[in-house]
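Just so you know, these numbers use all the heavy atoms, side chains as well, and skip hydrogens, waters and symmetry mates. Whatever order the structure lists ligands and atoms in, that order sets their numbers, starting from 1.
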Amino acid sequence: MTFKLPALGYEYNALEPFIDARTMELHHSKHHKTYTDKFNLALETHPKLQGKSAEEIVANWEKLSDDIKQAVRNSGGGYINHSFFWQILKKNTVFKGEVAEAIKKKFGSFEEFKKKFSDEAMSLFGSGWTWLVVNKKGELEIVKTQNQDTPLSMGLSPVLTIDVWEHAYYLKYQNRRADYVEAFFNVINWVKVNEHFVNSRK
Ligand code: MN
């Protein structure tokens, strides 16, 4: 069983100037590639996992045997989180659709949502991700995960995420995480985010 590094679906410079080409290239071709390779290596000796999706394997990492559970949690998590992240990035899409209505209903306004999401991304200590998810009640919620942990393990469906590991922004923004988070709001693919929202409530 081999999981493949997914193509971005756009050029490394597609998100300039908000996320620079060099960061995208390193992030995808080096960081994501390494997670992919290490995930595959961990699974090599576990043929019984054959046929399961990467998401299913990683979401249930705690039930795996001790020899691979941490590798699946970390590298498998890195594999699926980045695969998800690339999809929800695009310049010049419009905040609209069912997800936009649900965000306004839940948080009051787009600005309120942006503030709350940014505050959560800023207050995440160390490395991890901030997510907009749909919970089991079908409601939107903002959660954080440390390192490469996924909200799928908590029974939550990801709708939108920001990678707040330093490797996601350090070349361009250095220690200025706030500037990166602000820039991120210019490259959210609201069409894709809406798709995730709609699918998570089916
Ligand atoms: Mn990353």
At their closest point, which heavy atom of Tyr35 faces which heavy atom of Asn74, and how far apart are they? CD2-O, 4.0 Å

Can you run down the salt bridge (Lys or Arg N to Asp or Glu O under 4.0 Å) pairs that involve residues 68-88, sequence neighbours left out, and say none if there aren't any? Asp66-Lys69, Arg73-Asp149

What angle sits at the Mn ion (ligand 1) between NE2 of His167 and NE2 of His82, to 10°? 130°

min-distance N/O/S atom, Asp163 vs the Mn ion (ligand 1), resolves to OD2

Aromatic plane relationship, His27 with His31 - under 30° parallel, 30 to 60° tilted, over 60° perpendicular: perpendicular

From the N, O or S atoms in His27, identify the one nearest to the Mn ion (ligand 1). NE2

Just wondering, more than 12 heavy atoms not from Gln174 lying within 6.0 Å of its CD? yes

